[in-house]
Every structure is written in C-alpha cells, then in structure tokens.
Amino acid sequence: MGLISSTRMLEKARSEGYGIVAFNVHSLDMLYAVVEAADELKSPVILQTTVGSVKSLGADNIVTAAEKASNQFNVPVALHLDHCTDYSVLVKCIRAGYTSVMIDASMHPFEENVKRTNEVMAIAKHLDINVEAELGKVGGVEDDIVVSEDEAQKAVPAECVEFIERTDVPTLAPAIGTAHGIYKGDPDIDFDRIHAIAQLVNVPLVLHGGSAIPDEDVKRCISLGMAKMNVSTELKNAYSAAIRDHFIKTPEALDPRQYLSKAKQAAKDLVHSKILLVGCAGKADEIQENERKKSHLVVAN
Ligand code: 13P
C-alpha cells in the first residue's frame, strides 16, 4: 500500500496496549530484512534511519527502497527519520517522502525545544506525516549525538503536558532511564515516571534505547503507555556478528552474497524476536484496513 504515516498505527497500539518496533537500518539490505520479517509475522513496522545513514545512502534512495518494499509486502510500513537536529535535513527527508520525522532539540532548554518542534509542526500539520520530539535527555551514543551518563536527564511529567499543549506533537519520547548503545548493567528504568507521564498525556510514547532491555521490562513499559520501541544496536550487532563469524570460518571468502545472506537472516531473526516481544504480530491487516478506509474518505471528500 506504500509508505504510511506512523501516527495512527501508534495511537492504535497505545490504546490497545501493544507496541510497534522501529528498527534503525543502515543499508538497503537491512531495510529489506526488516520488512520481510515483519511480513512473515503480519506485523506493522517502522523503518528508521539516522541522519548519518541519510548522508551515506541518500534520502531518495532510502525512500525508493522503502516504498518498493512496502508495496511488495503486504504490511503497514512507515519510514522515520531518527534524532534529527538539523531542520534542512529534516525538510529534505520530508520532501523525499519520509512519513515520520524526529526533531531532536532535547539538548536545548525547554523553550527552545518548544520553538524548534513548532517549526517542524508548522510543515507537518499540512501533511500526513508523524512528528516525534524528545524531552529530558536520553543517554548514550546514536550516530553523532553523544550524551554522557552525567548529562542524561529524565523527562519531567508536568513539562510533558505543557510541551504537548504548546506543540501538539503527535508522539513524544520522554527520557525515562534507558540509553542508546550497550548498557554496562541492566538499565535503570523509572517505571513510576512512565506511569506519571502516561496518566497526563495520551499521545503514544516512544521508548528509545530499546536494545538489551530485559523482556519483562519491555512488556512493562508497553503496558504503561510506550507504543513505539526503537531498536538499533541489537540489530547492528546481529548483522555484523554473522559477517564476522563468516570471515572467522572462511577468511578468504569473497562472494558478498554468501556473507550478506547470513547477515540478513540474522537480522530477520532479531526482528522476529522483537516483534513477538512487543505484541504487534498479526496486527497488520486491521491497520491496513483502517488506512484504506481513511484514504477512501479523503477521496470521497
Ligand atoms: P539502541 O541503541 O538501544 O538500539 O537504541 C536505539 C534508539 O533508541 C534509536 O533512536
């Protein structure tokens, strides 16, 4: 059906108590691995790329591949730009056909975050695309964005309310103790804070730093109102480990199809496990049906 905005699928996920996974992809091969695996489980899925991947692959190439995969496989697919701090890159991706963008102004004071988010909302409200913003500061490393343990800050519930009122942003990523990249121990997730925020704002909440969170904690976050879970590190690890393993066993290997197919399968296995964990397997048909009804309404109007 082509790429769709993630707003409605995430609203539905939040109201029905399940999650949808957004996988960071770094190559066209990984992009196909994600959509194929989602199709095998009849699951909605969000493909996301960092600004670094937009620079290395090109926004148009990413959109063309994502669009093609979403038409080829029969599941709802959204394409999201992750952690963008640069307005011009964000506009470029929207023009190319991304159906969701994250304006990350979390490194700025609250007022500046509101202002920058509103600049993006001024465009987005005329288009059928999702916008995500971050409050507090998620720790760890994601592309060029590095937030140390000392700099990481949890979101303040009252600020989440004010932020939504002043920006109307349809999805919010509040920092609640998770981090990007690999954890030294188990993450220290502030479940009370998620509960407090979810009681006050009803937009779908986004769980950043979704890799290596114990399964029971992921389920608890979702039951409290987290509707989107971002996974990057574990997918990169699975993909790279398969290639590394291939070269350890056959150092002289030179046919990329041999090691890339193993990497793709490892990525698909990881995607399967995360989709099953958040409970969105089998939800594709209903979401597609809703999207079809909505596009008929638009045509009828
Ligand atoms: P991980 O590094 O834990 O996979 O987090 C990814 C993420 O939140 C991307 O925004």
Side-chain angles (χ1 to χ4, degrees), residues 6 10 19-27 30-31 33-34 37 45-55 62 78-86 89-90 93 98 100-107 130-149 151-155 169 171-190 194 204-215 217-219 221-222 226-241 266-267 269-275 277-278:
S6 53
L10 290 172
I20 295 178
V21 194
F23 294 98
N24 285 61
V25 294
H26 302 276
S27 68
M30 285 174 95
L31 182 153
V34 170
V45 78
I46 301 171
L47 293 165
Q48 59 186 26
T49 67
T50 57
V51 172
S53 292
V54 170
K55 287 184 181 148
I62 294 168
L79 177 62
H80 176 77
L81 176 66
D82 197 23
H83 288 285
C84 188
T85 56
D86 183 338
V89 174
L90 206 139
C93 287
Y98 275 64
S100 178
V101 289
M102 175 179 189
I103 167 67
D104 183 357
S106 61
M107 64 294 296
N130 185 55
V131 178
E132 178 180 322
E134 176 173 322
L135 274 185
K137 287 183 195 137
V138 176
V141 180
E142 188 62 55
D143 249 16
D144 297 341
I145 301 177
V146 182
V147 179
S148 71
E149 259 177 57
E151 287 166 327
Q153 253 172 39
K154 290 179 184 165
V169 74
T171 36
L172 182 68
I176 47 80
T178 54
H180 298 123
I182 301 293
Y183 296 97
K184 286 189 199 118
D186 271 350
D188 183 18
I189 300 178
D190 190 340
I194 304 176
L205 302 175
V206 182
L207 181 62
H208 277 252
S211 289
I213 300 178
D215 288 359
D217 288 357
V218 168
K219 287 185 183 155
C221 288
I222 291 168
M226 291 287 187
K228 173 176 182 253
M229 177 170 84
N230 289 359
V231 173
S232 173
T233 304
E234 272 189 280
L235 187 62
K236 273 192 290 199
N237 279 352
Y239 190 84
S240 306
D269 292 345
L270 190 277
V271 172
H272 282 153
S273 72
K274 295 295 174 189
I275 285 176
L277 174 62
V278 302

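Quick caveat: nothing in here was measured; it's all calculated off a predicted structure. Residue indices begin at 1 and follow the sequence shown. We count ligands from 1, going down the list as the structure has it; atoms in each ligand are counted the same way.
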(request) Indicate yes or no for a side-chain donor-acceptor contact from Asp143 to the backbone of Thr50 under 3.5 Å, with no hydrogens or angles considered. (result) no
Original post:
Counting distance only, does the side-chain N/O of Thr171 pair as donor-acceptor with the main-chain N or O of Val131 below 3.5 Å?
Top reply: yes
| request: For the pair Thr178 (side chain) and His208 (backbone), establish whether a donor and an acceptor sit closer than 3.5 Å, ignoring hydrogens and angles. | output: yes
Do Pro187 and Pro214 come within less than 4.5 Å of each other through their side chains, counting heavy atoms only?
yes
| request: Please answer whether the main-chain N or O of Ala212 pairs with a side-chain N or O of Glu234 as donor and acceptor at a distance below 3.5 Å. | output: yes
- Can you check whether Val169 reaches Ile103 side chain to side chain, under 4.5 Å on heavy atoms? no
Ligand 1: protein N/O within less than 3.5 Å of ligand N/O:
from	atom 1	to	atom 2	distance (Å)
ligand 1	2 (O)	Gly181	N	2.8
ligand 1	2 (O)	Thr233	OG1	2.5
ligand 1	3 (O)	Gly210	N	3.4
ligand 1	3 (O)	Ser211	N	3.1
ligand 1	4 (O)	Ser211	OG	2.6
ligand 1	4 (O)	Ser232	N	2.6
ligand 1	4 (O)	Thr233	N	2.8
ligand 1	5 (O)	Gly209	N	3.3
ligand 1	8 (O)	His180	NE2	3.2
ligand 1	8 (O)	His208	ND1	3.4
ligand 1	8 (O)	Gly209	N	2.7
ligand 1	10 (O)	Asp82	OD1	3.2
ligand 1	10 (O)	Asp82	OD2	2.7
ligand 1	10 (O)	His83	NE2	3.2
ligand 1	10 (O)	His208	ND1	3.1
ligand 1	10 (O)	Asn230	ND2	3.1

